[in-house]
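We name chains A, B, ... by the order of the sequence lines, and we start the count at 1 in each one.
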Amino acid sequence: MTAVPPSAGATALSVATWNINSVRMRQGIVTRFLETEAPDVLCLQETKCGDGQFPTAAFRRIGYDHMALNGGKGGWHGVAIVSRLPLADIANRSFCGKGDPRHVTATVLVGGHRVRLHNFYVPAGGDEPDGTVNPKFAHKMDFLAEMAAWLPHAQADGATLVVGDLNVAPYETDVWSHKALIKVVSHTPEECAALEKARIDGGWVDLTRRFVPMDERIYTWWSYRAKDWRAADKGRRLDHVWATPDLADRALAVRILKDARDWPRPSDHVPVVAHFALP
DNA sequence: ATGGCGTATGGAATACGA
């Protein structure tokens, strides 16, 4: 997580991603995060509320006036982009023909630049890592395959980020124990290969791993069920920031806010924040 | 130590997370 000084005249941009596990339950800590870290843009997953229930006023009160919402019918899933910079070309895509609110996209307008954002919540996949007996796992694999086929078209938009809870920890050092988790949904070879295919086929740079050496373990999620999550430290890196190569070359740092796991009534995921200096 | 927790809907008990 090195930092390179931005060149003179550069335009700063910071983008965060956070699986919030109910945005209404966590309005207090979301506000705290925005006020202390002050990212330009925050991509949320598992908002668990319909667009009419989204706490827009609370975000506007602290200067985040621009929002792209896809909460579907409320209840399950739900994604949103909250921004203090203007957003254009807001849209969302239904994957696997299911209509689940798992994707929202917008273009961030910053200092004459346009940066396209895709915010994803990939299906968790259930317990059994076998699509022939577990429809949830089959859905997850279908979703990843559709992402792999569709995302390359997103490159036509120029500088682009793909962020979100991708629900796969692709590398051995993205989990507390590769051996213990190799047959556990989120780290099976089938899922890891599918996510890697989506990344490689689109030419995306895994921005977190650009700043963290591959031999260093790094996580963004710790289960609620550990008595002492920090002591057990049985985490997984499920939340990702992918960038087009041009944008990746403008990245200064990626930070994982591990301390957010100890905030009051926390999410089981923590925020990941990417910082850029645009030319 | 794959659930010991947490949130959703609905108004108790069950679905889902990963």
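Comparing atom distances between the A:H269 side chain and each of B:dG17, B:dT7, B:dA18 picks out B:dA18 as nearest. Among the nucleotides B:dT2, B:dA18, B:dA15, the one closest to any side-chain atom of A:V184 is B:dT2. Proximity note for A:A124 (side chain, C-beta onward) versus B:dA8, B:dG17, B:dA1: the nearest is B:dG17. The side chain of A:M25 sits closest to B:dT7 out of B:dA18, B:dG17, B:dT7.
A:R24 has its CZ atom 6 Å from the P atom of B:dA8, to the nearest Å. B:dT2 atom P lies 18 Å from atom CG of A:N134, rounded to whole Å. Spacing between atom CG of A:N21 and atom P of B:dT7 amounts to 6 Å, rounded to whole angstrom units. Residue A:W176 contributes atom CH2, which lies 18 Å from atom P of B:dA18 at whole-angstrom precision. Look at NZ on A:K136: it is 11 Å from P on B:dA18, rounded to the nearest Å. In this structure, CG of A:D239 is placed 11 Å from C1' of B:dA18, rounded to the nearest angstrom. Rounded to a whole Å, the CG atom of A:D268 is 16 Å from the P atom of B:dT2. Rounded to whole Å, atom P of B:dA18 lies 8 Å from atom NZ of A:K140.
Under the 4.0 Å criterion applied to side-chain N and carboxylate O atoms, A:D268 and A:R236 are not assigned as salt-bridge partners. One finds no salt bridge joining A:R217 and A:D233 here, because no Lys/Arg side-chain nitrogen approaches an Asp/Glu carboxylate oxygen to under 4.0 Å. Using a cutoff of 4.0 Å between basic side-chain nitrogens and carboxylate oxygens, A:R102 and A:D165 are not scored as salt-bridged. Taking the charged nitrogens against the carboxylate oxygens, A:K98 and A:D142 have no contact shorter than 4.0 Å, which rules out a salt bridge.
In this model, the phosphate group of B:dA18 is approached by a side-chain N or O of A:Y121 to a distance below 4.0 Å at OP1 or OP2. Side-chain N/O atoms of A:H77 include none lying less than 4.0 angstrom from OP1 or OP2 on B:dG17. Checking the phosphate oxygens (OP1, OP2) of B:dC5, no side-chain nitrogen or oxygen of A:S223 falls inside 4.0 Å. One finds a side-chain N or O of A:N19 lying less than 4.0 angstrom from the OP1 or OP2 phosphate oxygen of B:dA18. The side chain of A:K227 contributes no N or O atom lying less than 4.0 Å from OP1 or OP2 of B:dA1.
Using bins of under 30°, 30° to 60° and over 60° for the plane-to-plane angle, the ring pair A:F95/A:W150 lands in the perpendicular bin. By the 30° and 60° cut-offs, the orientation of the rings of A:F33 relative to A:W263 is tilted.
A gap of 29 Å separates the P atoms of B:dA1 and B:dT14, to the nearest Å. Using atom P as the reference point in both B:dC5 and B:dG11, the two lie 25 Å apart (nearest Å). Only the P atoms considered, B:dA13 is 23 Å distant from B:dG3, to the nearest whole Å. B:dT7 and B:dA12 are spaced 16 Å apart, taking the C1' atom of each and rounding to whole Å. For B:dA15 and B:dG10, the C1' atoms lie 13 Å apart once the distance is rounded to whole Å.
A donor atom on one side chain and an acceptor atom on the other are not found under 3.5 Å apart for A:T173 and A:E216. In the model, A:W229 has a side-chain atom that pairs as donor or acceptor with a side-chain atom of A:D262 under 3.5 Å.
In terms of polar N and O atoms assigned as donor or acceptor, the side chain of A:R225 never comes within less than 3.5 Å of the base of B:dG4 in a complementary pairing.
Within a 6.0 Å radius of NZ in A:K258, other residues, nucleotides and ligands contribute more than 12 heavy atoms.
Within a heavy-atom distance below 4.0 Å of DNA chain B, the residues of residues 162-175 of chain A found are A:D165, A:N167.
Among the protein residues, A:R265 comes within range of the sugar-phosphate backbone only, with heavy atoms under 4.0 Å from sugar or phosphate atoms but none that close to a base.
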